> 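Here you go, one structure.
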Amino acid sequence: MLEISSISKSFGGLHVLRDVNIKVPQGAIYGLIGPNGAGKTTVFNLITGLLDPTSGGIAFDGRDILRKKPHEITRLGIARTFQNIRLFKEMTLLQNVVVGAYRHMHYGFASLLLGLPKYREHEARARERALELLSWMKLDHKAHDLADNLSYGEQRRLELARALATEPRLLLLDEPVAGMNTGERAGLMTEIEAIRDRGYTILMIEHDMQFVMGLCERIAVLNFGKIIAEGGPEDIRNNEQVIEAYLGRDDDEEAAA
């Protein structure tokens, strides 16, 4: 579904990404991991059109998406969440999610101004879908609460519901469990698996290795802007380069060495 081919990105003399290649199969939960500063969020920013690459290509479902604007990429079926939560905190949960559905609404200014049937029909459909997505995230009972009143973990789940409201086929999750407690992480793992089972493809950045290893079928590891390993969870867990660069060794193993 997503193919990143020999992507490089430089800011002046700083090489953030070097010849990165990633293939995300349709229906997969695919992880992108690595130390802070490895270039993971830059990959997301390139996919979603917030940055242009220095060289290389990106194809979504066989279609070149380089240098398309972010809203055009959203229309093609790619949505994302952010490492730093970006919600409309003065709005209700329902209103936040309805915002994500506006790309599917096709009514003119006159319909909006006069409250014509087409406008009312689209708005009702968007609210119905928003409530459904909130129920997926176990937030429907708080639909009319302000987003600012949610816990940190609930805010992350709300952001995920809003991304789903754009009706993506590929969902990019940037550290989805950051700041969550153990129970919240376990709950979100179940919810992400359920999202995949509904037909979505997921590419995620995450530092919680237990979460990544328990959820992702394939994982790529970035270090200093280069992919140093790619494979299943066991392949990554036992890869010497990954251990040295990112995972580290258990104290007992270090002592034995």
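Everything numeric in this text was worked out from a predicted model, so none of it was measured. Position 1 is the first residue of the sequence; numbering continues from there.
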> Closest approach of L46 and L51, non-hydrogen atoms and distance?
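Smallest heavy-atom distance, with atoms named: CD2-O, 3.6 Å.
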
> Just by distance, with hydrogens left out, do Q26 and Y200 show a side-chain donor and acceptor under 3.5 Å apart?
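Not at all, the side chains of Q26 and Y200 share no donor-acceptor pair under 3.5 Å.
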
> May I have the step-by-step check of side chain to side chain contact (heavy atoms under 4.5 Å, CB included) for V24 and I4, ending in yes or no?
CA-CA 9 Å; V24 180; I4 298 172; over 6 Å; no

> Looking at D19 and K226, is there a salt bridge between them, counting it only when a charged N and a carboxylate O are closer than 4.0 Å?
no

> Let me see the working for E132 and R129 under salt bridge (charged side-chain N to carboxylate O under 4.0 Å, His left out), right down to the final yes or no.
CA-CA 5 Å; E132 180 184 19; R129 179 59 171 161; 2.7 Å; yes

> Is E234 salt-bridged to R237, going by a charged N under 4.0 Å from an acidic O?
yes

> Is there a side chain to side chain contact (heavy atoms under 4.5 Å, CB included) between M209 and I33? Walk through the geometry before answering.
CA-CA 9 Å; M209 285 301 97; I33 67 172; 3.7 Å; yes

> Regarding R218 and E230, does a basic nitrogen lie under 4.0 Å from an acidic carboxylate oxygen?
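A salt bridge links R218 with E230.
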
> What are the two closest heavy atoms between V98 and A130, and how far apart are they?
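Scanning both residues, the minimum pair turns out to be CG2-CB, 3.8 Å.
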
> Between S5 and N21, is there a side-chain donor-acceptor contact under 3.5 Å, judged purely by atom types and distance?
no

> With a cut-off of 3.5 Å and sequence neighbours excluded, list every side-chain donor-acceptor pair involving residues 136-146.
from : atom 1 : to   : atom 2 : distance (Å)
K142 : NZ     : E154 : OE1    : 3.2
K142 : NZ     : E154 : OE2    : 2.8

> Do NZ/NE/NH1/NH2 and the carboxylate oxygens of E217 and R196 come within less than 4.0 Å?
yes

> State whether the side chain of T54 and the backbone N or O of S10 hold a donor-acceptor pair below 3.5 Å, judged by distance alone.
yes

> Go through the steps to decide whether N239 and I228 satisfy the test side chain to side chain contact (heavy atoms under 4.5 Å, CB included), and finish with yes or no.
CA-CA 9 Å; N239 184 287; I228 60 171; 5.8 Å; no

> Applying side-chain hydrogen bond (donor to acceptor under 3.5 Å, both in side chains) between N45 and each of R80, K40, K9, report the one that passes.
R80

> Establish whether L173 and Y152 are linked, either directly or via other cluster members, by ILVMFWY side-chain heavy-atom contacts under 4.5 Å.
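Hydrophobic grouping puts L173 with Y152.
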
